Structures are given as C-alpha cells and as structure tokens.
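Atoms within a ligand are numbered from 1 in the order they appear, just like the ligands themselves. In this text, all values refer to a predicted model and were calculated from it rather than measured experimentally.
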Amino acid sequence: MSDMDQRTMLELSERIEGFFEELPPLLAGVEGMVERGKAYRKALYDAGLAGLEVPSEYGGGGYGPTSKALFARLSRGRVPAEDDIFTIGVGMAMPTLLEFGDEHLRRRYVEPALRGEEIWCQMYSEPGAGSDLAGLQTRALRTPGGWVLSGQKIWTSRAEVAQFAICLARTDVDVPKHKGITMFVVPMDQPGVTVRPILQITGASEFNEVFLDDVLVPVDHVVGEVDGGWPVAVALMQNERSAIGAGGGRRPVPFESLRDLVHDRDHAAEPRIREALANCYIGQRLSELLTELEADSVDAGVPLGAETSLGKLWRSTNGRVAADLVSELAFASGAAWKPGDDRENWAFAVLDACALSLGGGTDEVQKNTIAEKVLGLPRDPYRTDKMPFRDLTVGTQRD
Ligand SMILES: Cc1cc2nc3c(=O)[nH]c(=O)nc-3n(C[C@H](O)[C@H](O)[C@H](O)COP(=O)(O)OP(=O)(O)OC[C@H]3O[C@@H](n4cnc5c(N)ncnc54)[C@H](O)[C@@H]3O)c2cc1C
C-alpha cells in the first residue's frame with residue numbers, strides 16, 4: 001500500500017503521539033495568533049514533524065505522501081487553531097513551489113515556511129474575478145528591472161501578517177483569458193503594496209483588500225512559465241481544496257462539541273436531533289476518509305485532481321449542517337453575545353459557517369467541477385475561453 005514500511009509508520013506514529021502529549025507546556029503562556037502559530041510550527045519543526053512528506057533537501061521529513069495522511073489522522077483535533085495562519089504557505093504555496101517552482105525558489109522559501117518563520121497569503125480573487133478567476137485583471141508588465149504589477153485583489157486572507165504572496169496577474173491580453181496569466185511570488189513588505197482589512201459579520205477581520213500600485217517583482221520570482229500560470233493556479237487550488245478537506249483553514253464545529261451541546265441542552269432523546277447529529281458525524285468521517293483516499297491515490301502515483309472538490313464540498317456541507325444544529329440548540333446564544341462571554345463561541349460558529357462555502361471556491365463551483373471533471377457531464381455552453389481577453393466584456397467571463 002505505501003511509500004513507508006510498517007516499522008517507519010509505527011515509529012512515526014509514536015513520535016506524533018509523543019509530540020502532541022508534550023505540546024501544551026511548550027505553548028503555555030504564549031499569547032496572540034501569530035506568536036502561538038509560530039511557536040507551534042517551530043515546535044513541530046524541531047520535533048522533525050513539519051512537512052513529513054516534503055523531500056528532506058527542502059527541510060521536510062522525506063517520508064512521502066502517506067506520512068501526510070498519517071499526520072492528518074493522528075493530529076486531528078489537536079493542532080492549535082492558530083496554525084491556520086500557515087495553511088496557505090505550508091498547505092498550498094509550498095506544494096506548488098515544489099511542483100512548479102525553480103530550484104532557487106524551493107531552496108529559498110520551503111524550509112522557512114515549514115519552520116513557521118514566514119507567513120504567506122494568496123492573491124487570486126479580485127472584485128471582478130472570484131468564481132471566474134481566469135477573468136482577473138491585475139496586470140504584470142515586463143520592465144528591465146523585473147515585473148511591475150498593478151491591480152486590486154480582495155478577500156486576501158492573512159495579508160495583514162503575510163511576508164509573501166502567491167499572486168496571479170495577467171501578462172498577455174491578446175490571447176484567450178486562461179492563456180495570458182502568470183503566477184508570481186510577491187514580497188509584501190515593499191512600496192506599492194497597500195493592505196486594507198475587511199470587517200466580517202463575526203466581528204473578526206481575517207481578510208483584506210490589497211492594492212498593488214507598480215509593485216516590483218524580481219524576474220526570478222515567476223512560478224512556472226510566463227503566460228502559463230493557469231495550470232499552476234489550478235494545481236494550487238487543488239492543494240487548497242485538499243488542505244481544506246484535510247482540516248486546514250477554518251473548521252466546522254467538531255462532532256464532539258455538538259454531541260456535548262445536545263446533552264447539555266437535554267435534547268439527546270429527540271429523534272430529529274439525533275438524526276442531525278448522526279449526519280454531522282457522517283460528514284466529519286467522510287471528510288476524513290476522503291483525505292485518506294486522496295493520500296492513497298497520491299501514494300499510488302496519481303496526482304491530486306478534480307476529486308479534491310469532493311472533500312472541500314463535504315467540509316462546507318458539514319459546516320452548514322453543524323451550524324444549523326447549533327443555531328437550533330443554542331437558540332439566542334447562537335446569534336447574540338457580549339464579547340468575552342461563553343456564548344460568543346456558538347454565535348461565532350453560526351455566523352462564520354457560510355465562509356466555509358465560499359473560501360477556496362464556492363459550493364456551486366465545486367459542484368460544476370465534480371459534474372464536468374469527475375462525472376464527465378457536458379461543459380457549460382456559455383464558455384468564452386476561445387476569445388482574446390481584451391475582447392471580453394465584464395459579465396461574460398463565466399468560466
Ligand atoms: C473566508 C474566505 C477566505 C477567502 N480567502 C481568500 C484568499 O486568501 N485569497 C483569495 O484570492 N480569495 C479568497 N477568498 C475569496 C473566494 O475564493 C471567493 O469569495 C470565491 O471564489 C467566490 O468568488 P466571489 O466572492 O467573487 O463570488 P462570485 O464569483 O461573484 O459568485 C457569486 C455567486 O454566484 C455563484 N456562481 C458564480 N459562478 C457560477 C457558475 N459558473 N455556476 C454556478 N454558480 C456560480 C457562486 O457560487 C456564488 O454563490 C476567500 C473567501 C472567503 C469567504
């Protein structure tokens with residue numbers, strides 16, 4: 001079955017178990033999202049458990065894909081929430097650099113990300129390009145000094161704390177929209193990059209608008225081919241969906257908390273509530289099993305593909321079912337709270353659940369992907385992917 005023999009698997013399992021048992025004192029007294037996230041990552045790296053599947057020459061464990069699934073399984077529910085600030089860097093950008101980046105990009109960026117020294121964000125979405133990502137309008141022009149980027153990004157999670165961004169920009173407007181896109185690594189701390197936080201319904205502010213005004217990017221910070229960024233962008237989104245499906249990023253309310261809530265509110269005997277709770281358990285288990293299936297496929301030499309949309313869709317469906325149950329049981333506590341009181345967590349869970357259905361691609365987009373690429377159903381008839389980008393008008397760029 002595996003790229004690891006049983007003995008290595010056992011030894012690794014024991015180390016992972018030992019690490020999580022010893023973790024609480026290492027984080028005791030560390031305050032703040034970034035500080036706690038970094039402290040966790042450093043501890044993980046020092047224990048030799050960061051990026052188990054990443055080749056050892058780039059600072060990883062060199063154990064191959066199965067080790068990733070093993071870690072995901074044994075660490076479930078035990079990774080501090082603050083590690084989310086590394087989901088984009090470690091879960092999405094680094095696998096993409098490892099697959100498509102030049103050697104100097106891999107050597108420069110992978111290990112610091114695994115160590116938790118550098119935080120990344122993803123500058124894909126724009127005001128006119130979300131589901132229709134290939135309609136993006138941020139321009140990159142080649143100059144003697146490097147690439148110069150101008151445009152606006154939006155919903156950029158963690159840009160306020162990130163040192164680097166994986167960024168898509170248009171490098172040719174005379175070809176169909178999927179063809180003239182290039183992926184760049186953009187250092188965030190430089191003139192021309194303006195980050196403005198967006199306030200969310202939960203009161204949190206985890207994503208931003210990012211304005212790029214003549215931002216200079218070194219020539220050697222292109223990932224993949226110039227004008228050939230679309231397949232790289234898709235590969236990153238598959239890593240994103242896989243990372244979200246495997247538990248990275250925001251998390252639905254876990255089954256165990258829901259079960260406790262059902263008991264606390266004395267609803268355990270009600271068939272309808274029991275059924276909803278069972279559905280939450282099934283959803284959570286399905287997400288876990290899909291992650292393991294994915295790892296088995298990668299292990300067998302099949303790269304990540306459109307199937308990653310299944311895990312992402314399950315996770316958001318599960319998040320919504322869980323939020324509905326919480327809002328029914330927690331009642332007013334699920335909608336109103338005073339900052340700092342116990343009810344805040346339930347209200348947050350309810351208000352935040354819709355984000356699971358949007359971030360990483362909406363549920364509808366996942367369903368389109370599953371329909372077209374997994375089930376082989378006919379494609380959207382209103383496609384515009386043969387026309388040069390400059391001839392498209394806003395509102396026709398649907399695919
Ligand atoms: C919590 C969160 C974090 C995010 N973080 C990031 C980030 O770090 N970086 C980043 O680049 N982006 C990020 N995003 C943006 C996210 O990827 C987009 O919100 C998402 O792709 C949808 O794009 P949109 O908001 O422009 O909606 P639109 O694309 O305008 O969609 C509006 C509605 O129309 C539906 N729709 C659109 N096209 C179709 C179609 N062809 N078929 C069926 N239905 C369709 C959609 O499903 C949706 O319901 C984040 C979003 C959230 C909520």
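Using modelled atom types, one side-chain atom of Gln284 and one backbone atom of Phe255 make a donor-acceptor pair closer than 3.5 Å.
Counting only residues at least two apart or in different chains, salt bridge (Lys or Arg N to Asp or Glu O under 4.0 Å) contacts with residues 270-279 comprise Arg272-Glu328. Sorted by first and then second residue, the salt bridge (Lys or Arg N to Asp or Glu O under 4.0 Å) pairs involving residues 140-163 (not counting sequence neighbours) are Glu126-Lys153, Arg158-Glu206.
Considering both main-chain and side-chain atoms, Thr156 never comes within under 3.5 Å of ligand 1 through any nitrogen or oxygen pair. An N or O contact shorter than 3.5 Å links Thr362 to ligand 1 by distance.
The nearest pair of heavy atoms linking Ala323 to Val350 is O-CG2, 3.9 Å. Closest non-hydrogen pair, Arg320 versus Asp363, comes out as NH1-OD2, 2.7 Å.
Residue Tyr124 has at least one heavy-atom neighbour below 4.0 Å for each of these atoms of ligand 1: 11 (O). Close approach to Ser157 involves these atoms of ligand 1, each under 4.0 Å from a residue heavy atom: 3 (C), 4 (C), 5 (N), 6 (C), 7 (C), 8 (O). Near Glu364, meaning under 4.0 Å from any of its heavy atoms, are these atoms of ligand 1: 43 (C), 44 (N), 46 (C), 47 (O), 49 (O).
At least one heavy atom of Asn368 sits less than 4.0 Å from an atom of ligand 1.
With salt bridges taken as basic N to acidic carboxylate O contacts below 4.0 Å, none links Glu364 and Lys367.
Both the backbone and the side chain of Leu358 come within 4.0 Å of ligand 1, judged by heavy-atom distances.
The option with the heavy atom closest to atom 51 (C) of ligand 1, from among Gly361, Gly360, Gly359, is Gly359.
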